[in-house]
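Worksheet for the structure shown next.
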Amino acid sequence: MTVVPYSINYRKTWDEFVKISKNGTFLIQRGFMDYHASRFLDCSVLVLDGSGIMDEERSALQDVESVKAVLPANWVEEEHCVYSHQGLTYGGLVVREDVTQKEMLDMMQQIFLYYENYLRAVKVVYKPIPYIYSAYPSGEDLYALFRAGGQLCRRLVSTVVDQRHPLRIRTLRLRQSRKAVDHGFYIDRMIEGEWDTLAEFWSLLEYVLMKFHNARPVHTLEEMQLLMGRFPKEIRLYLVRSENRIVAGTVVFESKQVAHVQYIAAGEEGREFGALDLLFRHLINERYKQMEYIDFGTSNEQGGYVLNEGLIFQKEGFGGRAVCYDTYEVRLNHNILLQMSGDTVHEDAERIKYLDLKSITHTYQPMITDAMREVVERGWFLLGEENKAFEKDFSAYVGAEHCVAVGNGLEALLLILSAYRHICGWEEGDEVIVPSNTYIATILAISHAGLRPILVEPSMTTYLIDPARLASALTSRTRAVLPVHLYGRVCNMDAINAFAKEHGLKVVDDVAQAHGAMYHDVRAGNLCDASAFSFYPGKNLGALGDAGCVTTNDPQLASLVRMMANYGSNVKYINEVKGYNSRMDEVQAAVLRVKLPMLDAENERRRQIAKMYDNGIQNPLITKPNIPADIREHVFHVYAVRCPDRNKLQDYLSDKGIQTMIHYPIPPHRQAAYKEWNNESYPISERIHREELSLPISHQLTDTEVQRIIKALNEFVLEV
C-alpha cells in the first residue's frame, strides 16, 4: 500500500470514498474540512491499494476503488505534531467495510512512518471515530494505537440513545415534557435559509454559554451560517417556541445513522418549564426514531477535565448511555513503528532519494494549489500582482533595495552583464573573471553578453574562487569579477570586493545555490553591485519551473534590467534598447511567495544534517566539505564529498538504496561548447570534478535516513 498526501485534485475521490466507507460521515467530507483551512494546516493522507506511485497514468487518483482508507489530519509545526481531529468532533482512520485488523495495522504503520519521514513529526494525537458511527463495531485502530505505543491522554464523555434498543425515559422527563406543553411551548424547525431565526437562536446560545459556563460556541454565527448553507440536509436547527420567541433549541448534525446534537441552549423560561425535555423527547420519539443513535454530545467542562454530572443525569433520563470520545497520543518511536505490524519493515529496501521534489511540493499543499488557483481565476499571467508582491517580499528578505523577477538564473546574469555593458560602455570582448569549477550556465551568461570569461582556479579548501589568484587574471580589459557561491557557501566577499574596488571593477555574484546564506550579518544577494538568483525547482527556494531574479541597490541597473527583460520596453510597443524576453510568470511568483517564509527553517535543517554528516563520517576515503566558522555562511544546497574513486562510491551507495548526484562530472573547460579551452589545464578544478559526489541533504531527510547514509559511507572500502 502507498500513503499519498491529500491535495485539492483528489477532493472528489475523497468525498466519494467517505460516502461508501465503513465509518465516514459528512463531517469528514472536504466541504466541511476545508472550511477550517484558515485555522489549520491540512496534512491529510489517502492510503492506496498497491505499491504503485500515484502519477498521471492513475488519472490523479480519480478511481475511488484504489483507495483503502483516508485520514483527516492537521499539522502544528511548533509542536512537530499531527492532530487527526482539529476542527472536527473526531478524526480517526476512515476505511472500507471489508478492511481487516491486519490491514488496519499495516495502514496505521505506514501513515505514522510517513508523518515521521516527511514532516519529521515527533507525535500524533489521534481521536478514534466512536463505534456508533461505524457500520460494524470495531476496535482495529485502537489495537494499532496500542501497537504504536499510544497512550490515552484525554477522555470526553457523551450520552447516546440507542434507537434500536431504547431504554425507558424517566418519569421526571415525561412530567417536564407535559409541563412544557401545558405552558404553551411547541416544536419548530428552522427553514433552510431562514438566517434571522439562526441569529436569534445564536444570541440565546451565546448568552447561556457565557452566563453558565463562561464559554463561547466553537463556531461564530457567520461560520454556522456558512456551514448550514453548505450542508442544508445535514445540519439542522430544532427549536422550542413560546408564542413568537425562541426559548430553547439545538443544532443537530445528521450522519448516516447518527444524529449528533452539537449545540444545546435554553433560556430561563425554557429551563423552568422543561423546554429541552420536550425537545429531546421529540427528537427521540418522532424526528429520529429511524436513526440508530442520537448522540447528545459531551458533558465535560474545562477542557474535558470536569464532568458536568447534572447534565449527564438529565441526558441519561432520556434512556441514554455513556460513550467515550477518547484521545490518544502516539510518541513516534522509529523502532517501535518498524515492528508494530508484526512484520518488520526493512528500511534498506526503501530507496533514499537525492531529492524528492514531489514530496517537497506536497508539504506546501493546499497553499500552493490555492495560490495557483487564485492566479488562474484572476486571469493575469505575466507582470502582474504576484510578481510585484514577490519582488517586494524577496528584496525585503535579502535586504537589497531592488528585486527584478526574471525568467531564470542564467538570464538574470545575462541581463546584469548586458545592462552594465550599456551603462558602463563595456566593449565586445571585455573580460569577466569567473571560477573555473562553476556550472557552465555562469560562463554561458558571460559569453552571451558579448564578454570574455577568464577562468580562475578555486581554493581546494572551500571549492570557491580563490581571491589570491585574481591578480594573475587581471588585464587592461578586465571589467568585472563574478564569484559563485558554489554548493551554498558564501565566497570571501571582503577580499573580492576590496580587489574590485582597488581596480575599478564591478562585482556580480551568482547566488543560485546560496539562498538565505549570511555573510557578516548580511544576506547573500546584498553583498556586491548586483546578484543573480535561480529558482530552479531543485534549489533551496525552488519554483515549479524555471524562474530567477536580480537584486541590487543600484536603481539605474534595476530599471535597465527590468526594461531589457521585457523586450527593452517600459511602455508597450515602445522599445528603447535591444532587450530579451525573460519574465517570471505569475504562477511561479505565487508559488515562491508560499515557500519563502519557510526558507530559513529549511536551511537550518540542512545545516543540522550537515553537522550530522560532519560528525558521523569517519571513513578516510571520504573527504568532507570544510564547515565555515560561522555556519550561517553555508546553506548546504549541496553536501559535496570527495573520493579517489567517486564512481565506485556512487555505485556502492546506489546498491545500498541511496541516490547521489555529481556536481559536476565535466569541468567547463573540457566541454565541447568551449572547445577552444579543451587543451588548457586547471588541475584543481579537474580534481574536484573528478572526485566530487553530492550526498542527499534535503530538509525532508529524517535523522534515521542520515544515520543510514553515514553507516554506509563508513563501511565503504576500496580494493587496491
Side-chain angles (χ1 to χ4, degrees), residues 77-78 80 120 354-355 360 394 397-400 435 437-438 458-467 483-497 509-528 531 533-535 538-542 551 595-619 622-642 660-661 663 688 692-707 709-710 713-714:
E77 175 69 29
E78 298 80 15
H80 293 284
R120 298 196 301 281
Y354 177 76
L355 184 65
I360 290 173
F394 197 70
Y397 175 79
V398 168
N437 64 321
T438 185
S459 160
M460 200 61 177
T461 302
T462 63
Y463 310 142
L464 305 175
I465 191 168
D466 187 349
V484 179
H485 308 305
L486 196 65
Y487 305 150
R489 180 170 181 171
V490 178
C491 297
N492 183 349
M493 295 303 293
D494 285 348
I496 293 169
N497 284 331
D509 60 348
D510 183 337
V511 199
Q513 299 185 12
H515 305 161
M518 301 286 286
Y519 184 81
H520 300 337
D521 296 324
V522 178
R523 288 213 190 264
N526 191 25
L527 297 172
C528 56
S531 302
F533 287 84
S534 165
F535 301 117
K539 304 298 186 185
N540 291 32
L541 178 62
T551 58
K595 298 175 77 172
L596 179 59
M598 290 301 296
L599 177 58
D600 285 344
E602 291 173 2
N603 282 344
E604 189 56 37
R605 174 58 183 167
R606 287 174 178 267
R607 293 185 181 110
Q608 291 173 1
I609 295 170
K611 289 179 182 178
M612 292 172 66
Y613 280 147
D614 193 56
N615 293 330
I617 300 172
Q618 302 298 328
N619 192 331
I622 311 294
T623 301
K624 297 174 289 187
N626 178 268
I627 306 293
D630 183 353
I631 200 167
R632 297 180 303 164
E633 293 179 11
H634 211 321
V635 293
F636 294 97
H637 172 65
V638 169
Y639 189 89
V641 300
R642 296 192 351 259
T660 57
M661 294 285 286
H663 294 89
I688 293 171
E692 191 277 340
L693 186 68
S694 302
L695 303 182
I697 196 167
S698 163
H699 66 274
Q700 286 201 312
L701 278 181
T702 66
D703 288 358
T704 302
E705 289 172 322
V706 174
Q707 293 301 329
I709 295 167
I710 291 170
L713 287 167
N714 286 337

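Sequence positions, counted from 1, serve as the residue numbers for this chain. Values below: all heavy atoms of this structure, side chains included; hydrogens, waters and symmetry mates excluded. Being a predicted model, the structure only gives us computed values, none of them experimental.
- From Ile688, atom CD1 reaches atom CG of Asn437 across 5.0 Å, with rounding to the nearest 0.5 Å.
- The CG atom of Leu693 sits 8.5 Å away from the CG atom of Leu713 when rounded to the nearest 0.5 Å.
- Taking each heavy atom of Lys595 and Gly542 in turn, the nearest pair found is NZ-O, 2.8 Å.
- When ring centroids are compared, His663 and Tyr487 stay outside the 6.0 Å threshold.
- To the nearest 0.5 Å, atom CE of residue Met518 and atom CG of residue Asn526 are 10.0 Å apart.
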Under the side chain to side chain contact (heavy atoms under 4.5 Å, CB included) rule, what do Val641 and Leu695 come out as? Steps first, then yes or no, please. CA-CA 7 Å; Val641 300; Leu695 303 182; 3.9 Å; yes
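- Checked by atom type and distance alone, the side chain of Arg489 pairs as donor or acceptor with a backbone atom of Asn626 at under 3.5 Å.
- Between Ile496 and Pro467, the closest heavy-atom pair is CG1-CG, 4.3 Å.
- Atom CD1 of Ile609 and atom NZ of Lys611 lie 12.0 Å apart (nearest 0.5 Å).
- In this structure, His520 and Asp494 have side chains that are in contact, with non-hydrogen atoms separated by less than 4.5 Å.
- Put simply, CD on Glu705 and CD1 on Ile710 are 12.0 Å apart, with the number rounded to the nearest 0.5 Å.
- Among all heavy-atom pairs drawn from Ala640 and Glu692, the shortest one is CB-OE2, 3.3 Å.
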Decide side chain to side chain contact (heavy atoms under 4.5 Å, CB included) for Tyr397 and Leu599; before the verdict, give the C-alpha distance in whole Å, the side-chain angles of both, and the deciding distance to 0.1 Å. CA-CA 10 Å; Tyr397 175 79; Leu599 177 58; 3.4 Å; yes
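- Looking at Gln707 and Thr704, their side chains never come closer than 4.5 Å, going by heavy atoms from C-beta outward.
- Nearest approach of Gln513 to His637, heavy atoms of both residues: O-CB, 3.2 Å.
- Atom CE in Met612 sits 10.5 Å away from atom CD1 in Ile697 (nearest 0.5 Å).
- Of the possible polar contacts, none joining the Ser531 side chain to the Val511 backbone as a donor-acceptor pair under 3.5 Å is found.
- Panel note: side chain Asp509, backbone His485; no donor-acceptor pair is recorded below 3.5 Å.
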Worked check of side chain to side chain contact (heavy atoms under 4.5 Å, CB included) between Ile465 and Val484: CA-CA 7 Å; Ile465 191 168; Val484 179; over 6 Å; no
Step by step, would you call Glu604 with Arg607 a salt bridge (charged side-chain N to carboxylate O under 4.0 Å, His left out)? CA-CA 5 Å; Glu604 189 56 37; Arg607 293 185 181 110; 3.3 Å; yes
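- Residue Ala514 comes nearest to Ala524 through the heavy atom pair O-CB, 3.9 Å, listed as atom of the first residue, atom of the second, then distance.
- Of all non-hydrogen atoms in Asn615 and Gln618, the two that sit nearest each other are O-NE2, 2.7 Å.
- Taking the side chain as every heavy atom from C-beta outward, Leu464 and Asn492 never approach each other to under 4.5 Å.
- Between Tyr613 and Phe636, a ring centre-to-centre spacing not shorter than 6.0 Å is recorded.
- Side-chain contact between Gln608 and Asp703 is absent, with no heavy-atom pair separated by less than 4.5 Å.
- Annotation: side chain of Met661 is not in contact with side chain of Leu355 (no heavy-atom distance under 4.5 Å).
- Using modelled atom types, no side-chain atom of Asn540 and backbone atom of Gly516 make a donor-acceptor pair closer than 3.5 Å.
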Take Ile360 and His699 through the side chain to side chain contact (heavy atoms under 4.5 Å, CB included) test and state the conclusion after the steps. CA-CA 9 Å; Ile360 290 173; His699 66 274; 4.2 Å; yes
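- The aromatic rings of Phe535 and His515 sit tilted, their planes meeting at an angle between 30° and 60°.
- Counting only residues at least two apart or on different chains, the salt bridge (Lys or Arg N to Asp or Glu O under 4.0 Å) pairs with a member in residues 515-527 are Asp521-Arg632, Arg523-Asp600.
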